[in-house]
Amino acid sequence: MTPLPPWLKRRFRAPDELATMTKLLRSLHLHTVCESAHCPNIGECFRRGTATFLILGNICTRNCGFCAVTTGVPEQPDREEPKNVAGAARQLKLQHVVVTSVTRDDLADGGAGHFSATVAAVRYSLPESTVEILTPDFQGNRKAIDLVVKSRPDIFNHNLETVSTLYPRVRPQASYQRSLDLLKQVKDAAPKIITKSGFMLGLGENEEQTIALLHDIRQAGCDIVTIGQYLAPSVRHLPVVEYLPPERFAWYRAQALSLGFRGVASDPLVRSSYLADLFVNKEP
């Protein structure tokens with residue numbers, strides 16, 4: 001594998017905080033996308049006492065070429081998981097709670113009911129906190145999407161991940177248009193919910209395709225967009241085609257802002273939920 005450029009190298013100097021967070025999560029039988037997806041910001045976030053909860057287990061029914069989450073046959077959802085997520089969020093005194101999941105194509109509603117229950121549990125436990133969800137596409141099931149919308153998260157995030165032409169290689173079981181339709185459905189159904197999406201650079205896309213992707217996300221009604229560098233989790237995953245320097249991400253941030261996004265995070269180490277709390281109260 002090609003060595004990482006200097007702007008992508010980070011050190012975590014607080015192993016005690018990492019151990020404390022891990023102990024709490026394991027005691028409640030919880031997973032985080034920080035761990036499962038090998039996020040490069042795990043040290044910083046755990047040190048800040050934050051994490052992105054991964055519900056519906058940690059086994060995904062899809063096999064995307066970029067993702068480190070394990071693929072296989074998942075277990076039945078844990079009915080105690082919504083309560084445990086809320087309990088962990090309360091112990092961590094989180095003011096902004098972020099919840100995501102693996103994709104569960106084996107479930108009739110894609111896990112929508114579990115998302116709804118988790119948002120409700122967090123609302124009950126932490127009524128003053130804001131809630132952000134990062135969902136799969138629910139296979140375009142409109143009733144499932146509406147069920148999640150009715151739970152009224154403050155932010156509804158669904159990632160496009162990459163440009164349309166790369167979907168057959170990067171997200172073979174997903175649909176570019178289906179993901180855009182989901183974002184539009186959420187915004188049409190609940191205009192006050194902040195909608196959000198994100199994607200990676202360095203998978204082989206070009207500038208024209210990336211600008212077209214930004215246009216599509218904005219036209220779907222998205223308020224916030226996140227842009228980060230793709231990092232291959234292992235040699236078995238898709239290789240990195242290009243490492244873009246920070247100034248290139250700054251340029252894309254300017255392009256996104258010119259399209260009318262109310263919030264843009266664009267940097268090599270940006271991930272969907274990184275410093276997510278900074279955007280929840282940001283005015284248009």
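When reading the values below, keep in mind they use all heavy atoms of this one structure, side chains included, and skip hydrogens, waters and symmetry mates.
For the side chain to side chain contact (heavy atoms under 4.5 Å, CB included) test, residues two or more places apart in sequence or in another chain that qualify with S125 are A86, R90. Residues passing the side chain to side chain donor-acceptor pair (under 3.5 Å) test with S175, sequence neighbours excluded: none. With sequence neighbours excluded, the residues forming a side chain to side chain contact (heavy atoms under 4.5 Å, CB included) with D216 are Y176, L180, Q219, listed by chain and number. With sequence neighbours left out, the side chain to side chain donor-acceptor pair (under 3.5 Å) criterion links Q139 to no other residue. Remark: K150 pairs with no residue by the side chain to side chain donor-acceptor pair (under 3.5 Å) rule, at least two apart or across chains. Here E242 pairs with nothing under the salt bridge (charged side-chain N to carboxylate O under 4.0 Å, His left out) rule; sequence neighbours left out. Residues satisfying the side chain to side chain donor-acceptor pair (under 3.5 Å) test with Q209, not counting sequence neighbours, are T165. Residues forming a side chain to side chain contact (heavy atoms under 4.5 Å, CB included) with A190 (at least two apart in sequence, or on another chain): V149, R152, I193. Considering only residues two or more places apart in sequence or on other chains, D146 meets the salt bridge (charged side-chain N to carboxylate O under 4.0 Å, His left out) condition with none of them. Every residue two or more places apart in sequence or in another chain that forms a salt bridge (charged side-chain N to carboxylate O under 4.0 Å, His left out) with R178 is listed here: D137. Scored by the salt bridge (charged side-chain N to carboxylate O under 4.0 Å, His left out) test, D188 finds K184 as partners (sequence neighbours excluded). Annotation: side chain to side chain contact (heavy atoms under 4.5 Å, CB included) contacts of D106 (sequence neighbours excluded): T61, P74, R104.
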